[in-house]
Q: 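Questions regarding the structure given below will be posed in turn.
Both backbone and side-chain heavy atoms feed into the values below; hydrogens, waters and symmetry mates do not. Just so we're on the same page: letters track the sequence lines, and every chain starts at 1. The structure presented is a predicted model; accordingly, all values stated were derived computationally and were not measured.
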2 protein chains.
Amino acid sequence: MLPPGEPKFRRRKAARPGEIVAAALAVFAERGFAAARLDEIAARAGVSKGALYLYFETKEEIFRAVVDHAIAPNMQMIRAMVAAHPGPFPALLRAVGERIGALIETVPIGGVVKMVIGEARNFPEIARVWHDELAAQALGALTDAVRAAQVRGEVRVGDPRMFALELIAPMIMGVIWRETFVPVGALPFDLSALAGQHVETMLHGMMATEAVA
Amino acid sequence: MLPPGEPKFRRRKAARPGEIVAAALAVFAERGFAAARLDEIAARAGVSKGALYLYFETKEEIFRAVVDHAIAPNMQMIRAMVAAHPGPFPALLRAVGERIGALIETVPIGGVVKMVIGEARNFPEIARVWHDELAAQALGALTDAVRAAQVRGEVRVGDPRMFALELIAPMIMGVIWRETFVPVGALPFDLSALAGQHVETMLHGMMATEAVA
DNA sequence: TATTAATGACTGACCGGTCAGTTATCAGGA
DNA sequence: TCCTGATAACTGACCGGTCAGTCATTAATA
């Protein structure tokens with residue numbers, strides 16, 4: 001009864017956590033926290049359900065790991081972009097817009113956004129981490145950039161934090177639209193084009209002079 | 001053994017469905033579909049769990065009723081606003097902005113938005129209804145208004161559907177921010193002020209001339 | 001051979017949905 | 001006005017399926 005071919009599993013302690021988190025991201029993003037089945041996560045990660053508990057204590061801890069995992073690289077990217085452009089505001093905005101447009105077309109950020117929005121009440125600690133370490137920082141960085149541009153006289157008067165929200169909101173809404181309505185037949189948006197058009201619209205709308213080009 | 005005081009329940013067939021839907025809205029908004037308990041909905045509606053099944057077949061049907069209930073008045077409002085302003089674009093935009101700003105400050109629309117986003121994959125029919133009867137229509141109405149203004153030469157060139165998304169996205173994001181992050185300590189936005197500032201920003205950004213005032 | 005990664009059948013709690021029984025309400029008769 | 005059935009709105013204990021989490025056992029590897 002011993003098939004001499006492939007062994008029925010391999011011992012790969014180092015690789016498992018990453019594979020489990022990746023599988024969990026996909027399942028949580030598709031189903032939400034409560035409707036996600038540990039059996040499905042395990043199956044997609046190529047392990048049994050029991051193996052999950054060698055690396056994580058509870059379902060909630062897996063969820064937390066997924067959220068944490070999704071934060072780090074994004075925060076790094078945002079910091080790098082803002083730091084790379086102390087110069088004139090239009091240049092910063094166009095660079096950020098282009099980068100984000102390309103990013104959201106490829107990275108599965110949408111699933112995580114949905115997850116955090118949908119489960120925020122049930123897991124306030126997760127909402128807090130996501131806010132403190134990503135949302136508030138990204139919004140803060142953009143707010144600072146806007147405020148600096150206002151001081152330089154480039155950007156007209158107005159609440160800089162609201163300007164920051166106005167800048168990023170359509171991109172996030174575009175992602176939410178894609179995740180929520182496109183699967184049921186909605187006309188999709190070209191998110192890169194949306195990012196480009198919105199940056200130009202906002203530049204015309206925010207700049208003190210018409211020296212936008 | 002018969003206490004002569006208050007009866008332990010009353011027969012109020014006409015009022016029950018509305019009360020159940022209102023209670024369900026609150027619980028679904030707080031917990032999401034899966035984590036919402038029928039016992040809690042029943043308790044908040046002031047009935048027993050069994051009574052729910054006198055008026056609804058399943059939990060999902062209650063969910064559907066909540067979503068349907070939230071759609072009708074909003075759609076009516078949007079239609080009325082766009083119909084009331086065939087005239088110059090800035091006037092329409094300011095009217096819509098003011099109305100929406102006031103509305104989202106008061107109406108519990110946020111919970112429903114979170115619900116739909118969070119449960120779209122698990123209940124595609126609900127996402128479809130929400131899209132077909134609200135999101136697509138609202139976006140379409142705004143798109144038509146933008147396109148008409150472009151034809152009149154008021155609004156610069158650009159994808160009108162993207163302009164429409166750019167217009168409404170910050171308001172929706174403001175609501176999501178309030179529902180998701182403010183409960184864990186985030187700095188809130190003044191949504192009316194946000195609506196006002198965004199309308200002015202977008203007018204400056206979209207209009208062909210600087211004849212905004 | 002010793003060690004431990006990995007399995008998967010199992011358990012127990014939880015919750016959507018049911019239904020036999022209870023009680024408010026009211027029409028009609030005295 | 002007070003009783004008295006008839007009706008159906010309402011209750012809440014219960015059932016059965018589902019699924020997160022456990023653990024005795026098996027198998028890969030050093």
Side-chain angles (χ1 to χ4, degrees), chain A residues 1-28 30-66 115 119 121-123 126, chain B residues 1-24 27-28 30-66 115 119 121-123 126:
Chain A
M1 263 306 175
L2 288 178
E6 292 293 292
K8 73 186 289 190
F9 63 84
R10 291 185 192 278
R11 312 170 96 203
R12 295 168 51 247
K13 183 175 175 140
R16 295 298 189 206
E19 294 170 358
I20 292 170
V21 168
L25 166 60
V27 177
F28 282 137
E30 270 180 35
R31 308 235 189 274
F33 178 80
R37 305 284 151 240
L38 289 184
D39 280 310
E40 189 177 353
I41 293 173
R44 289 210 207 176
V47 296
S48 69
K49 189 168 70 169
L52 301 182
Y53 286 87
L54 298 175
Y55 302 102
F56 300 94
E57 295 273 327
T58 62
K59 184 185 187 182
E60 188 175 334
E61 199 193 301
I62 297 176
F63 187 74
R64 220 183 302 264
V66 168
M115 254 171 50
E119 307 291 350
R121 296 264 184 172
N122 300 45
F123 300 95
I126 284 171
Chain B
M1 263 309 177
L2 286 177
E6 292 292 291
K8 74 188 286 190
F9 64 86
R10 292 186 189 276
R11 314 172 91 203
R12 293 169 52 246
K13 184 178 173 129
R16 295 298 190 206
E19 294 170 357
I20 292 169
V21 167
V27 177
F28 282 138
E30 271 178 37
R31 309 236 188 273
F33 179 80
R37 304 287 151 238
L38 290 184
D39 280 309
E40 188 176 354
I41 293 174
R44 289 211 206 177
V47 296
S48 70
K49 191 167 66 168
L52 301 182
Y53 287 87
L54 297 174
Y55 301 101
F56 301 94
E57 296 273 327
T58 62
K59 184 185 187 182
E60 187 174 337
E61 200 194 300
I62 299 176
F63 187 74
R64 219 184 301 265
V66 168
M115 252 171 53
E119 307 290 351
R121 296 264 185 173
N122 300 47
F123 301 93
I126 284 169

Q: Distance criterion of 3.5 Å, no angle test: do you see the side chain of B:Lys49 paired donor-to-acceptor with the base of C:dG16?
A: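 Looking at the base of C:dG16, it does pair with a donor or acceptor on the side chain of B:Lys49 (distance under 3.5 Å).
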Q: Of all the nucleotides listed (C:dA6, D:dC19, C:dG17), which has the minimum atom distance to the side chain of B:Thr58?
A: C:dG17
Q: Given D:dA28, is OP1 or OP2 found less than 4.0 Å from the side-chain N or O atoms of A:Arg10?
A: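 Answer no for this pair, as no side-chain N or O of A:Arg10 is under 4.0 Å from OP1 or OP2.
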Q: Would you call the rings of A:Phe63 and A:Phe28 parallel, tilted or perpendicular if under 30° counts as parallel and over 60° as perpendicular?
A: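 A:Phe63 vs A:Phe28 ring planes: perpendicular.
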Q: Roughly how many Å is it from CG in B:Leu38 to C1' in D:dT11, rounded to a whole number?
A: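 Interatomic distance, CG of B:Leu38 to C1' of D:dT11: 15 Å.
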Q: Do any side-chain nitrogens or oxygens of B:Lys13 fall under 4.0 Å of OP1 or OP2 in D:dA9?
A: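 Yes.
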Q: Expressed in angstrom and rounded to an integer, what is the separation of A:Arg16 atom CZ from C:dT4 atom C1'?
A: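 Those two atoms, CZ and C1', are 13 Å apart.
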Q: In this structure, how many angstroms lie between the P atom of D:dA20 and the CG atom of A:Leu52, rounded?
A: 10 Å
Q: Does D:dC10 have OP1 or OP2 under 4.0 Å away from a side-chain N or O of B:Arg12?
A: no
Q: Find the distance B:Leu54:CG to D:dG12:C1' and express it as a whole number of Å.
A: 13 Å
Q: I'd like to know if A:Arg16 pairs up with A:Glu19 as an ion pair, taking the criterion as any Lys NZ or Arg NE/NH1/NH2 lying under 4.0 Å from an Asp or Glu carboxylate oxygen.
A: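 Salt bridge present between A:Arg16 and A:Glu19.
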Q: Within the structure, does a side-chain N or O atom of A:Arg11 lie under 4.0 Å from either OP1 or OP2 of C:dA6?
A: no
Q: To the nearest Å, give me how far apart CZ (A:Phe56) and P (C:dA6) are.
A: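 A:Phe56 atom CZ is separated from C:dA6 atom P by 13 Å.
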Q: Counting only side-chain heavy atoms from C-beta out, which of D:dC19, D:dT11, C:dA5 sits nearest to A:Phe9?
A: C:dA5
Q: From the list C:dA24, D:dC19, D:dG21, which nucleotide is the closest neighbour of the side chain of A:Tyr53?
A: D:dG21
Q: Determine the contact category for A:Ala36: base if any of its heavy atoms lies under 4.0 Å from a base atom, sugar-phosphate if only primed atoms, P, OP1 or OP2 are that close, otherwise nothing.
A: sugar-phosphate
Q: For A:Glu40, is there an ion pair with A:Arg31 - N to carboxylate O distance below 4.0 angstrom?
A: yes
Q: Answer yes or no: does a side-chain N or O of A:Lys8 lie under 4.0 Å from OP1 or OP2 of C:dG8?
A: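 Yes, within the criterion.
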Q: Send over the distance from B:Glu40 CD to C:dG16 P, rounded to a whole Å.
A: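 That distance rounds to 11 Å.
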Q: Between A:Glu30 and A:Arg44, is there a side-chain N and carboxylate O pair less than 4.0 Å apart?
A: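 Salt bridge between A:Glu30 and A:Arg44, a charged N being under 4.0 Å from a carboxylate O: yes.
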Q: Measure from the side-chain heavy atoms of B:Ser48 and tell me the nearest of D:dT11, C:dA6, C:dG16.
A: D:dT11
Q: Quick one: label A:Tyr55 by what it contacts on the DNA or RNA (base, sugar-phosphate, nothing), any heavy atom closer than 4.0 Å.
A: sugar-phosphate
